[in-house]
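Since the structure comes first, as structure tokens, the remarks are kept for the end.
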Amino acid sequence: MKSRIHVWLVSSVLLISSVVLSSSKHNASAQNPLYPVYDYKIYYDEPTPAIIDEMGNYDLVIIEPIYYSQRQITEIQKGGTLVYGYINTMEADKWNTDLFGKLNEEDFFHRDGERIYYSEWDSYLTDITSHHYQKVLRTEVTKQIVDKGLDGAFLDTVGDIDNEHQGNPDVLYKQREGMVTWMESVREEHPDLSMIQNWGFDTLATATYPYVDGIMWESFHFSSIAYDEWTYDQIYKLRKLRENHGIQVLTVSMEEENKSKKLSRANRFKHFHTDKSYNDW
């Protein structure tokens, strides 16, 4: 069980560390395209002309690129908005029939001889150590992100590595190695492509930090995290990664907008709040 500490202690320590960390200067941030981002929005459904026009009001939008043409991406970007496209890295969604149909049995992760199925998302856990899966995923990045002119890729479900394999150190290590190998191959093919990973804080700290410009922390809800010592440890870890490697932190809340935003921005994170699903503008 995670131990609890008083919110005033968390807040005080964070404010103290804020002063210390803000005095440090690193070169990575100056070259990170996410560094100047202040506000952003996530939207995964099909766009309308009005929505595309409104996207230009944000510094960054994260979209499902399957629904967009290169012309539409250019329209969003014309005022300086960064556009990142969703790529599901550690799960295969059955709705994405084009990608799903390209997978072999070796591309799925098996435990006790069975695939791992997520009924909530209608998806299966994948095996990032599979060379074939790495190739399929790399092709998807080229097709949906690079060829359409997006600024970067948002790598969802990287956190599955930590969540699913924490109890098996050998598998955990191999999955992290597989993710690093895949990220390296993407960088070799597309050296200017920016990447954000979703969750996987330990994977970030131990393996993927050289390859990403940002990390997202979903469910950043004040009451769920403000009293939690584990949260403080993660915030400190992410702040050190920003200090040492320029990695920017994006948080998302769907509850307690003002308090959640205040805690996020007190740590110089970039916050997005919504009371809707990502499929509602």
Side-chain angles (χ1 to χ4, degrees), residues 64-66 84-147 152-218 234 237-238 241 245 247:
E64 173 50 76
I66 287 175
Y84 282 59
Y86 179 97
I87 298 290
N88 198 346
T89 60
M90 292 300 300
E91 296 177 26
D93 297 304
K94 290 181 69 177
W95 70 265
N96 191 347
T97 55
D98 181 54
L99 184 144
F100 199 88
K102 296 174 183 176
L103 301 183
N104 300 329
E105 195 60 34
E106 70 190 68
D107 301 327
F108 298 96
F109 187 86
H110 296 81
R111 184 174 293 141
D112 299 325
E114 300 291 333
R115 294 184 188 179
I116 296 174
Y117 177 66
Y118 302 105
S119 58
E120 182 178 4
W121 312 113
D122 195 20
S123 63
Y124 289 92
L125 183 67
T126 52
D127 186 348
I128 196 64
T129 68
S130 164
H131 296 300
H132 179 261
Y133 180 59
Q134 289 180 8
K135 182 179 179 181
V136 170
L137 206 57
R138 194 163 56 245
T139 299
E140 188 75 356
V141 169
T142 300
K143 176 182 176 182
Q144 298 296 342
I145 307 294
V146 177
D147 289 352
F154 172 69
L155 310 178
D156 195 21
T157 63
V158 177
D160 284 358
I161 296 176
D162 293 355
N163 296 340
E164 289 288 351
H165 307 301
Q166 198 68 48
N168 191 326
D170 290 340
V171 173
L172 180 66
Y173 177 77
K174 289 177 182 178
Q175 291 295 310
R176 286 175 176 169
E177 270 198 327
M179 181 59 71
V180 166
T181 299
W182 180 73
M183 286 184 174
E184 284 180 338
S185 67
V186 172
R187 275 288 171 87
E188 287 175 4
E189 287 191 11
H190 312 293
D192 296 327
L193 185 68
S194 176
M195 292 185 282
I196 302 170
Q197 81 174 51
N198 195 12
W199 280 88
F201 302 150
D202 289 338
T203 290
L204 178 72
T206 60
T208 59
Y209 65 87
Y211 308 99
V212 301
D213 290 319
I215 185 163
M216 182 176 288
W217 183 335
E218 291 183 290
Q234 304 314 307
K237 180 188 300 178
L238 295 178
L241 284 164
H245 305 288
I247 294 171

*Do NZ/NE/NH1/NH2 and the carboxylate oxygens of Arg176 and Asp162 come within less than 4.0 Å?*
yes
*Neighbour count >12 (heavy atoms, 6.0 Å) for atom OH, Tyr117*: yes
*Do Asp93 and Phe100 have side chains that get closer than 4.5 Å, going by heavy atoms?*
no
*Derivation of the side chain to side chain contact (heavy atoms under 4.5 Å, CB included) call for Trp199 and Asn163*: CA-CA 10 Å; Trp199 280 88; Asn163 296 340; 6.0 Å; no
*Given the rule in the side chain to side chain donor-acceptor pair (under 3.5 Å) test, do Thr126 and Glu91 qualify, once you have shown the distances and angles that lead to the verdict?*
CA-CA 5 Å; Thr126 52; Glu91 296 177 26; over 6 Å; no
*In this structure, which one of Thr89, Ile196, Ile87 forms a side-chain contact (heavy atoms from CB on, under 4.5 Å) with Phe154?*
Ile196
*When the ring planes of Tyr124 and Phe108 are compared, do they come out parallel, tilted or perpendicular, using 30° and 60° as the limits?*
perpendicular
*Is a side-chain N or O of Gln197 found less than 3.5 angstrom from the main chain of Gly200, in a donor-acceptor match?*
yes
_Tell me whether the count of non-hydrogen atoms from other residues, nucleotides or ligands lying under 6.0 Å of NE2 in His132 goes above 12._
yes
*May I ask you to check whether over 12 heavy atoms, not counting those of Lys135, lie within 6.0 Å of atom NZ?*
no
*asked:* Tell me if the aromatic rings of His165 and Phe109 count as close, with their centers under 6.0 Å from one another.
replied: yes
_Within the supplied structure, the quantity of interest is the number of heavy atoms (other residues, nucleotides, ligands) at a distance under 6.0 Å from Lys174 NZ; does it exceed 12?_
no
*asked:* Any carboxylate oxygen within less than 4.0 angstrom of a Lys/Arg side-chain nitrogen, looking at Asp98 and Lys143?
replied: yes
